[in-house]
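Only one structure is covered here, and it is reproduced in the block below.
Below, all heavy atoms of this structure are taken into account, side chains as well, without hydrogens, waters or symmetry copies.
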2 protein chains.
Amino acid sequence: MEKIDRLVSQRRRIRKGEHLYRAGSSLAALYAVRAGFLKSCVLHEDGREQVAGFHMMGDLLGMDAISGGLHMSNTVALEDSEICEMPFPLLEQLSREVPSLQQQLHRVMSREIVRDHGVMLLLGSMKAEERLAAFLLNLSQRFAARGYSPTEFNLRMTRAEIGSYLGLKLETVSRAFSSFQDQQLIAVRQRYVRILDLPGLKAMLDSKR
Amino acid sequence: MEKIDRLVSQRRRIRKGEHLYRAGSSLAALYAVRAGFLKSCVLHEDGREQVAGFHMMGDLLGMDAISGGLHMSNTVALEDSEICEMPFPLLEQLSREVPSLQQQLHRVMSREIVRDHGVMLLLGSMKAEERLAAFLLNLSQRFAARGYSPTEFNLRMTRAEIGSYLGLKLETVSRAFSSFQDQQLIAVRQRYVRILDLPGLKAMLDSKR
DNA sequence: CGGTTTCTTGATTGGGATCAATAGGAGTGG
DNA sequence: CCACTCCTATTGATCCCAATCAAGAAACCG
C-alpha cells in the first residue's frame with residue numbers, strides 16, 4: 001500500500017501551452033490527469049499533425065509509448081494542469097503484486113482502444129454535423145461523470161483543434177456550431193457552450209442512419 | 001512453463017465467413033492468429049458498421065473486450081483461419097508470474113493503440129489515393145515481416161471492405177486502384193496485386209504534404 | 001451453366017475545402 | 001486603463017474531390 005502511495009505521489013504542474021511529453025522522448029512514466037485539460041497530437045512523417053484526443057481529470061496518458069519505449073505523440077496542456085506521474089517500471093512491478101491494479105491497468109488500456117475505435121467510426125462514416133454532435137455529447141458525458149454540468153461548459157480548445165480532431169476544417173466546425181444554434185440545439189458564444197436540447201443532439205446521430 | 005504451454009494449447013479453426021466472436025459476447029479469451037486472415041468491425045448503435053482492422057498471422061485479437069468484459073466488435077474470418085485461444089484469466093495470472101509475458105501483453109496493447117492512432121490520422125487528413133497507398137504499403141510491410149513477398153500478394157477482402165476501412169466508397173477504391181495502375185505504380189487484377197514501384201507509392205504519402 | 005456477387009467505368013451531384021473578408025476577444029505594453 | 005496587435009471566430013463565394021446513381025463486365029459458386 002505504501003508503494004502505491006509512492007506510485008501516485010509524484011505530482012507535476014503544467015502551465016497552459018507547455019508539453020507534458022513530446023514524440024520521440026522515452027517512456028518514463030504514465031500520467032494521470034488530476035486537474036486541467038490537455039490535448040495529444042499524433043504526427044505524420046511529413047509534419048502533418050492531428051489531434052488524437054482531449055484529456056481531463058482522471059484520464060491516463062502516455063500508453064502509446066509502451067510498445068516502443070518512445071512516445072509517439074505530443075501532449076500539451078490547454079489550460080494549467082496538474083499531473084500525477086507514475087514511473088512505469090514501478091507500475092509494472094506493482095501490477096504484478098496487486099491483481100486489482102493489474103486489472104485496472106488492462107481495463108484502462110482496453111478502454112483507450114475502444115475509444116479509438118469510436119473515433120475511427122466517426123471519422124470514417126459521419127458527416128460534419130454528426131461529428132460535432134458526437135463530440136459535444138462525448139464532452140457532455142465526460143463532464144457529467146466528473147460532477148460538472150452536462151449542459152453548460154467552456155471549451156478549452158480552438159475551432160481548429162476541434163476540426164483537427166474531427167477531421168474537418170475550422171470553418172466547417174464554425175458553420176456546424178452556427179447551424180446547431182439556428183436549430184435551437186445549443187447556445188454558443190465563443191468557447192462557452194450551453195446545450196439546449198440534449199435529446200435533439202442525440203437524435204442527430206441515429207436519425208441520419 | 002507448462003502453464004504457458006497450456007495457455008497456448010487451445011486451438012480453434014474458423015471457416016471463411018464464420019465469426020470468431022461477436023459484439024456483445026463476453027470476454028472469454030484473447031485470440032492469437034496462427035494462420036489465415038480476418039477482419040474486425042465496430043458498430044454504431046444505428047446499425048452502421050465499419051471495418052476497424054484486418055488481421056493476419058501473429059496478430060492478437062479481442063483486447064477491446066477487456067475494459068467492459070464484453071466484445072465491442074465483430075470479428076470474422078475472410079479465409080479459413082486457425083486461432084490460438086488464450087483464456088484471459090489464465091493470461092492475467094501468468095502475466096503476474098512471468099514479467100516478460102506481462103511486458104509482452106502491455107506492448108501488444110500499446111501497439112494496438114498506436115496503430116489506431118495511425119488509422120485516425122489516415123481517416124482525418126488523407127485523400128482517397130493517399131489512403132489506398134498507405135493501406136497497400138501497410139499490407140506490404142506486414143507480409144514482408146512474415147516472410148512473404150512485399151510486392152506481390154492476394155487481397156483477402158472486397159473493395160467494399162477496403163473502402164469501409166479507409167472511409168471511402170467501394171467505387172472510389174476501385175478508381176484509385178485503376179489510377180495507380182495507370183501510373184504504373186501497381187499491377188492489379190481483381191484481388192491480386194503486384195507493386196511495381198514501391199518508392200513511388202511511398203512518395204504519394206509525403207509528396208502531397 | 002445460370003445466378004449472384006464483385007468489380008469497373010461513366011455521368012452527375014453534393015458536402016466540405018478553400019479562398020477571402022470582416023469582426024470579435026484576449027493579451028501586451030505604454 | 002486604453003490602444004494596439006494578434007489570435008480566433010464567423011460568414012460568404014467558389015471549387016473540387018468523393019459520393020451517388022447507373023450500367024455493364026468479369027469472376028465465383030452451387
Query raised in the report: Base, sugar-phosphate alone, or nothing: which one does B/Gly167 contact when heavy atoms must sit under 4.0 Å apart?
Result: sugar-phosphate
Query raised in the report: Which one, D/dT10, D/dT8, D/dA18, comes nearest to the side chain of A/Ser178?
Result: D/dT10
**Report entry** Atom-pair distance (NZ on A/Lys169; P on D/dC17), nearest Å
**Finding:** 14 Å
Query raised in the report: Does B/Met72 CE have over 12 foreign heavy atoms under 6.0 Å away?
Result: no
Requested in this report: Tell me what B/Leu168 touches on the nucleic acid: a base, only sugar-phosphate, or nothing, going by heavy atoms under 4.0 Å.
Outcome: sugar-phosphate
Query raised in the report: Closest nucleotide of DNA chain D for A/Arg191 versus for A/Arg175: which of these residues is on the 5' side?
Result: A/Arg191
Query raised in the report: Between D/dA18 and B/Lys127, is there an OP1 or OP2 to side-chain N/O distance shorter than 4.0 Å?
Result: no
Query raised in the report: According to a strict under-4.0 Å criterion, is A/Thr158 in side-chain N/O contact with OP1 or OP2 of D/dT8?
Result: no
Query raised in the report: With respect to the phosphate group of D/dT10, does any side-chain polar atom (N or O) of A/Ser174 fall under 4.0 Å of OP1 or OP2?
Result: yes
Report task. Inspect the surroundings of OH in B/Tyr192 and state if more than 12 heavy atoms from other residues, nucleotides or ligands are less than 6.0 Å away. Result -> yes
Report task. May I ask you to establish whether A/Arg159 and A/Phe177 are in a cation-pi arrangement, using a distance under 6.0 Å from NZ or CZ to the six-membered ring centre and at most 45° from the ring axis? Result -> yes
Requested in this report: Write down the distance between CG (B/Leu166) and P (D/dC17), rounded to a whole number of angstrom.
Outcome: 18 Å
**Report entry** Reading 5' to 3' through nucleotides 23-30 of chain D, protein heavy-atom contacts under 4.0 Å coded B for base, S for sugar-phosphate only, - for none
**Finding:** ----S---
Query - Heavy-atom closest contact (B/Met204 atom, B/Ala133 atom, distance) - result: CB-CB, 4.2 Å
Query raised in the report: Is A/Arg12 atom CZ crowded by more than 12 heavy atoms from other residues, nucleotides or ligands, each under 6.0 Å away?
Result: yes
Requested in this report: Take the protein atom CG of A/Leu155 and the nucleotide atom C1' of D/dA9, then report the distance between them rounded to whole Å.
Outcome: 12 Å
Report task. For B/Gln102 and A/Ser95, run side chain to side chain donor-acceptor pair (under 3.5 Å): C-alpha distance rounded to whole Å, both residues' side-chain angles, the deciding distance at 0.1 Å, then the answer. Result -> CA-CA 9 Å; B/Gln102 179 199 33; A/Ser95 81; 2.8 Å; yes
Query raised in the report: From the list D/dT20, D/dT10, D/dA18, which nucleotide is the closest neighbour of the side chain of B/Glu171?
Result: D/dT20
Query raised in the report: Nearest-Å distance, CG (A/Leu170) to C1' (D/dT10)?
Result: 10 Å
Query - Segment of DNA chain C, first to last nucleotide, that comes within the 4.0 Å heavy-atom reach of chain A - result: C/dG16 to C/dG25
Show the atom names and distances, to 0.1 Å, of all donor-acceptor pairs under 3.5 Å that link a side chain in residues 36-44 of chain B to residues at least two apart or in another chain.
residue, atom, partner, partner atom, Å
B/Lys39, NZ, B/Glu161, OE2, 3.0
B/Ser40, OG, B/His55, NE2, 2.9
B/His44, ND1, B/Asp46, OD1, 3.0
B/His44, ND1, B/Asp46, OD2, 3.1

**Report entry** Step-by-step side chain to side chain donor-acceptor pair (under 3.5 Å) determination, B/Glu129 to B/Ser179
**Finding:** CA-CA 9 Å; B/Glu129 294 198 354; B/Ser179 163; 2.8 Å; yes
Report task. With side chain to side chain donor-acceptor pair (under 3.5 Å) as the test, would you mind laying out the steps for B/Gln50 and B/Tyr165 before giving the verdict? Result -> CA-CA 6 Å; B/Gln50 180 173 331; B/Tyr165 180 63; over 6 Å; no
